[in-house]
Student: 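Take a look at the following structure, please.
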Amino acid sequence: MNYDCAVKGENISKKFKTFTLDIPDLRVPKGFATALIGENGAGKTTLLNMLSGIRLDYKGELTFFDKYSSEEKERRADVKNRIGYTGTGRYYLPQWTVSDVEEISSLLFDNFDRDEFERYCRELAIFPDSPDGVALKKKCSALSDGTRTKLMLAGVMARDTDLLLLDEPASPLDPLMRDKLCQMIGDYISDGAGEKSVLFSTHNISDMESITDYAIIMEHGNVVECGFVEDLKEKYILIKGDAQDAEAASKILYTMTKNPYGFEGICLAENLDKLAGMNVSKEIPSLFQISVAVMKNNTKMVLK
């Protein structure tokens with residue numbers, strides 16, 4: 001499938017004492033929601049820090065909007081203004097109040113809309129039981145992890161951007177808010193009419209699968225699988241079978257789990273004919289199942 005890229009990367013690398021990020025080729029398609037999937041420590045945050053400009057001490061070439069190098073992005077305010085980012089930890093200083101967040105965002109970003117920020121604060125029920133004046137005086141240090149994340153989302157959604165980089169946005173959120181986050185990402189993509197893109201990281205894709213168009217799966221600083229979700233669901237097949245066929249099938253399946261009654265696992269579609277003669281059923285896997293299989297096949301964790 002041919003597509004334009006919101007971000008392209010070539011030979012991206014960064015070496016740490018015990019970890020190396022090494023990505024020969026990176027593609028984030030324009031006009032889609034892309035999930036960056038991987039277990040903790042896979043390199044997702046490191047990569048997002050590079051893309052956002054927080055980390056510049058890496059090797060390789062990044063290109064934004066099929067036009068601007070990383071160096072050009074850092075020099076040009078108009079390009080940086082097109083990119084929104086939310087991180088983890090102390091994204092806002094703990095002593096800042098909500099009013100400070102609004103004021104500082106307005107000073108930093110030409111495309112920040114105060115009315116939109118306050119609308120998102122109300123829509124996300126950031127302070128459901130507080131009058132607006134009281135809510136705006138609350139300090140970030142007094143907020144729960146989930147509320148701080150909602151405040152970050154309100155801040156970035158209140159800007160007119162073309163690319164959102166969201167680091168683990170769903171992790172501290174409750175199920176209802178995760179569903180709301182998917183709706184917000186969907187609306188952002190839809191309103192952009194093919195011009196707006198989202199890259200979000202997650203170590204558990206199940207709650208975000210409905211909004212994911214493209215997936216990049218990472219392990220140990222490497223991209224081990226990527227592609228549009230519909231293509232991945234053609235590349236990998238979910239197989240279920242009887243216990244007596246488990247041993248033979250284990251030599252063919254990409255990954256397998258089994259119990260005394262049967263087994264199930266992921267099979268590469270190109271290997272389906274090798275299962276001929278076994279009593280198995282075939283199903284379309286979820287992105288969650290594909291991601292877990294790919295991570296299992298590449299992890300250094302000891303799996304029994």
Student: Decide whether Asp167 and Thr45 meet the rule of one side-chain donor and one side-chain acceptor closer than 3.5 Å.
Tutor: yes

Student: Testing Glu219, Glu39, Glu225 for side chain to side chain contact (heavy atoms under 4.5 Å, CB included) with Asn298, which one passes?
Tutor: Glu219

Student: Would you kindly confirm whether Ile54 and Phe200 end up in one hydrophobic cluster when ILVMFWY residues are joined by side chain heavy atoms under 4.5 Å apart?
Tutor: yes

Student: Between Phe32 and Tyr214, is the ring-ring contact (aromatic ring centres under 6.0 Å, His included) condition met? List the steps.
Tutor: CA-CA 7 Å; Phe32 297 96; Tyr214 190 91; 8.0 Å; no

Student: How long is the straight-line distance from CD1 of Ile266 back to CG of Leu238, given to the nearest 0.5 Å?
Tutor: 5.0 Å

Student: Rounded to the nearest 0.5 Å, how far apart are CG of Leu163 and OG of Ser197?
Tutor: 6.0 Å

Student: For Asp4, give me all partners under salt bridge (charged side-chain N to carboxylate O under 4.0 Å, His left out), at least two apart in sequence or on another chain.
Tutor: none

Student: Is there side-chain contact between Lys8 and Leu62, with at least one heavy-atom pair below 4.5 Å?
Tutor: no

Student: Relative to each other, are the rings of Phe65 and Tyr68 parallel, tilted or perpendicular (30° and 60° limits)?
Tutor: perpendicular

Student: Tyr254 and Val294: which non-hydrogen atoms are nearest, and at how many Å?
Tutor: CE2-CA, 3.9 Å

Student: My understanding is that only one of Arg82, Lys80, Arg76 makes a salt bridge (charged side-chain N to carboxylate O under 4.0 Å, His left out) with Asp78; could you say which?
Tutor: Arg76

Student: Any donor-acceptor pair under 3.5 Å linking the side-chain atoms of Ser52 with those of Asn49?
Tutor: no

